2 protein chains.
Amino acid sequence: MEQRLREREIRYTSGRRVVVAALARAEGPRSAAELSTEIGAAVPLSSLYRSLAVLEDAGVVVPHFGARGLTRYELADWITGHHHHLICVACGTVDDVEILPEYEIKVNELVDLIAQLAGFEPRAHDLEIEGRCAKCS
Amino acid sequence: MEQRLREREIRYTSGRRVVVAALARAEGPRSAAELSTEIGAAVPLSSLYRSLAVLEDAGVVVPHFGARGLTRYELADWITGHHHHLICVACGTVDDVEILPEYEIKVNELVDLIAQLAGFEPRAHDLEIEGRCAKCS
DNA sequence: GTACCACCTGAGAACCATTCTCACTACAGG
DNA sequence: CCTGTAGTGAGAATGGTTCTCAGGTGGTAC
């Protein structure tokens, strides 16, 4: 990751390290507000947003739009491994799920088929499952 | 749909009809701003938002969070048929795709499997494919 | 080691999609 | 018709996010 940033002449400063570390600790996408709470005053909100934007440009973090007017971020697939999302309609939590490679292969086949039929050139996909998490059911 | 609203003692007023009609005409999810442009001054923004909220409660429209701070709405699956989304990274358009029933069955199987492994009770799912649409590639 | 310069940071203001408030209007039942 | 409840419109308020601008900092060249 440091290498990736260096290639793009983006400094991996302490503030950015803190943000990446917080995301690495998380079990799913986190909003700027959640990150800010976790990190504390070390990184002010405006810098936090800027760091997220820079890291997004660099392809290190990926935005996830799962709730009204709230953007959550998580580390990109190439860092954490490809995964999908479970969204709880009761508590709003978004959790990552990794799925067995054989299932992932099937998902990929479907994605390619669907895209091909629509003349669409697929680049990424995300399967979102909405329902009730173990805690809320 | 009228019946569904009547059951819930929600009036299907002319303003709401206009909103539903605009969504029915659209080929994919539309934001409040886009709808407002299309509809014109007949329905002021505040009413438009309220109508969308009411219709969402009634399960007639479904919100779709696909861009930074922007909520797009579309008619619910039970009206338009179940479908997935193609999101163009170049122009930002979100288009609906219906997929062959046999594929949909596979998607459902995968969703059930994934959810089961995570102790999650699935209610709905959405497969989002990101890439370049035919126009932008 | 120090001077430079582009990049980065912090605080607050600005922005903009969305929601709220409140006075007003329009149906539906009696 | 009268009344009550639901719906509407305009504008203010909200809140997540982005912008601005005045410093700070790290990396490079000398």
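These numbers were taken from a predicted model, which means no experiment stands behind them. Residue numbers begin at 1 in each chain, while the letters A, B, ... track the order of the sequences.
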Pairing of B/R25 and B/E38 as salt bridge, 4.0 angstrom limit:
yes
Can we call the ring centroids of A/H125 and B/H85 under 6.0 Å apart?
no
Residues forming a salt bridge (Lys or Arg N to Asp or Glu O under 4.0 Å) with A/R72, sequence neighbours excluded
A/E34
Those residues at least two apart in sequence (or on a different chain) that pass salt bridge (Lys or Arg N to Asp or Glu O under 4.0 Å) with B/R17 are B/E2
Short side-chain to backbone donor-acceptor contact, [X] and [Y], under 3.5 Å:
X: A/W78; Y: A/G59; result: yes
X: B/R4; Y: B/A58; result: yes
X: B/R123; Y: A/R132; result: no
X: B/S51; Y: B/S47; result: yes

Any residue in residues 3-25 of chain B with a heavy atom nearer than 4.0 angstrom to DNA chain C? Just list them by number, or reply none.
B/R11
Under the ring-ring contact (aromatic ring centres under 6.0 Å, His included) rule, what pairs show up with a residue in residues 1-43 of chain B, not counting sequence neighbours?
none
Check nucleotides 11-18 of chain C for protein N or O atoms closer than 3.5 Å to its own N or O atoms and list the pairs.
residue, atom, partner, partner atom, Å
C/dA11, N7, A/S46, OG, 3.0
C/dA17, O3', B/G69, O, 3.2
C/dT18, OP1, B/T71, N, 2.6
C/dT18, OP1, B/T71, OG1, 3.2
C/dT18, OP2, B/Y49, OH, 2.4
C/dT18, O5', B/Y49, OH, 3.3

What's the CG-C1' distance between A/L52 and C/dC8, to the nearest Å?
15 Å
Over how many whole Å does the gap from A/E34 atom CD to D/dT17 atom C1' extend?
15 Å
Describe, as an angle rounded to 10 degrees, how the axis at the first end of the helix from C/dG1-D/dC30 to C/dG30-D/dC1 is tilted relative to the axis at the last end, five pairs per end.
30°
Does the side chain of B/E104 come under 3.5 Å of the side chain of B/H82 through a donor N or O and an acceptor N or O?
yes
